[in-house]
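Report on one structure; see the data block that follows.
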Amino acid sequence: VTLADDITPAFQRVEKFDVDSLTDAFRLLLVSEQRVCVIVVLNEQFENVLQNRKLLIKRMLPIALLISDRILGDRVKALWGDDADATQPGAFALARLALPSVTGQLLSFADGKAGVTSTPQDIESIFLQDTDQQELPGRAAVKLELQIRGGTIEAALDPGPNL
């Protein structure tokens, strides 16, 4: 993903964290490079569907992308960008740039089975501040939530005894 000039990378840093290391992820957002995307893998979920005499268990993995453009002292510009500086597009513009790359079919499976797909759920603005060092400026960001679906377990159900 690149900025409008099609040369400059949209993100200077992309890192992956799990839900148990959110404090580390927030610290990275507060002190890191200009444009950052932190990928947080949330709790895995399963959707159970009964279909004829089969139980289909579909795997779902919610992901949150925490996206920030570091513009300190001006929350509006941090979220919406600086019109006078194309290298500071703002967190919402960065999320819109990333969205096509993380939406749709991410992996395909053979034999006509559905692959791994990603669908956006919502985008919301957030504000992060270091609770240990409150004298430091906070950082505006957006949270882009995605639902990753992929992988199905099939279980044949025994018809059971006739009553």
Side-chain angles (χ1 to χ4, degrees), residues 1-47 58-110 113-152:
V1 179
T2 59
L3 296 181
D5 64 6
D6 290 328
I7 297 169
T8 307
F11 300 103
Q12 292 173 317
R13 187 165 185 170
V14 177
E15 292 248 354
K16 195 179 346 177
F17 292 86
D18 67 13
V19 73
D20 293 331
S21 58
L22 278 179
T23 302
D24 296 333
F26 291 152
R27 283 217 169 88
L28 174 72
L29 273 174
L30 288 168
V31 300
S32 190
E33 286 87 356
Q34 184 71 26
R35 297 176 307 276
V36 178
C37 179
V38 171
I39 304 164
V40 181
V41 179
L42 304 172
N43 297 325
E44 193 167 355
Q45 302 168 344
F46 296 93
E47 178 183 332
K58 298 179 181 183
R59 179 177 177 248
M60 298 178 298
L61 186 64
I63 302 273
L65 303 183
L66 304 177
I67 297 170
S68 180
D69 190 359
R70 188 175 189 161
I71 302 173
L72 301 176
D74 192 331
R75 184 179 171 140
V76 172
K77 283 185 180 177
L79 290 173
W80 299 103
D82 185 347
D83 293 336
D85 186 351
T87 65
Q88 295 183 321
F92 277 109
L94 289 170
R96 284 191 303 275
L97 283 172
L99 196 55
S101 298
V102 295
T103 301
Q105 186 167 322
L106 302 179
L107 297 171
S108 60
F109 291 159
K113 291 186 179 179
V116 176
T117 60
S118 173
T119 55
Q121 301 299 301
D122 66 20
I123 296 177
E124 68 176 283
S125 64
I126 58 176
F127 189 74
L128 306 169
Q129 182 131 19
D130 191 332
T131 55
D132 295 335
Q133 300 180 40
Q134 293 191 0
E135 72 280 357
L136 296 176
R139 188 164 178 165
V142 297
K143 179 182 67 156
L144 167 57
E145 284 195 33
L146 304 165
Q147 184 68 269
I148 312 297
R149 294 177 184 266
T152 302

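The figures here come from the full heavy-atom set of this structure, side chains too, leaving out hydrogens, waters and symmetry mates.
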For [X] against [Y], the heavy-atom pair lying closest together:
| X | Y | result |
| --- | --- | --- |
| Ala10 | Arg35 | O-NE, 2.8 Å |
| Ala95 | Val142 | CB-CG2, 3.9 Å |
| Asp5 | Thr8 | OD2-OG1, 2.5 Å |
| Gly90 | Asp69 | N-OD2, 2.8 Å |
| Ala140 | Ala78 | CB-CB, 3.7 Å |

At what distance, to the nearest 0.5 angstrom, does [atom1] of [X] lie from [atom2] of [Y]?
| X | Y | atom1 | atom2 | result |
| --- | --- | --- | --- | --- |
| Leu42 | Met60 | CG | CE | 12.5 Å |
| Lys77 | Asp83 | NZ | CG | 8.5 Å |
| Thr87 | Asp82 | OG1 | CG | 8.0 Å |
| Leu61 | Ile148 | CG | CD1 | 6.5 Å |
| Ile67 | Leu99 | CD1 | CG | 8.5 Å |
| Thr119 | Glu145 | OG1 | CD | 11.0 Å |

Would you mind reporting whether [Y] and [X] have side-chain heavy atoms less than 4.5 Å apart?
| X | Y | value |
| --- | --- | --- |
| Pro62 | Gln121 | no |
| Cys37 | Leu94 | no |
| Leu97 | Leu3 | yes |

- Query: Hey, which of Leu146, Ile63, Val1 is the one that makes side-chain contact (heavy atoms from CB on, under 4.5 Å) with Val102?
  - Reply: Leu146
- Task: Mind running side-chain contact (heavy atoms from CB on, under 4.5 Å) on Phe46 and Lys58 for me, showing each step along the way?
- Result: CA-CA 6 Å; Phe46 296 93; Lys58 298 179 181 183; over 6 Å; no
- Under the ring-ring contact (aromatic ring centres under 6.0 Å, His included) test, which residues partner Phe92, sequence neighbours left out? Trp80
- Yes or no on side-chain contact (heavy atoms from CB on, under 4.5 Å) for Asp74 and Gln88, after CA distance, side-chain angles and deciding distance? CA-CA 12 Å; Asp74 192 331; Gln88 295 183 321; over 6 Å; no
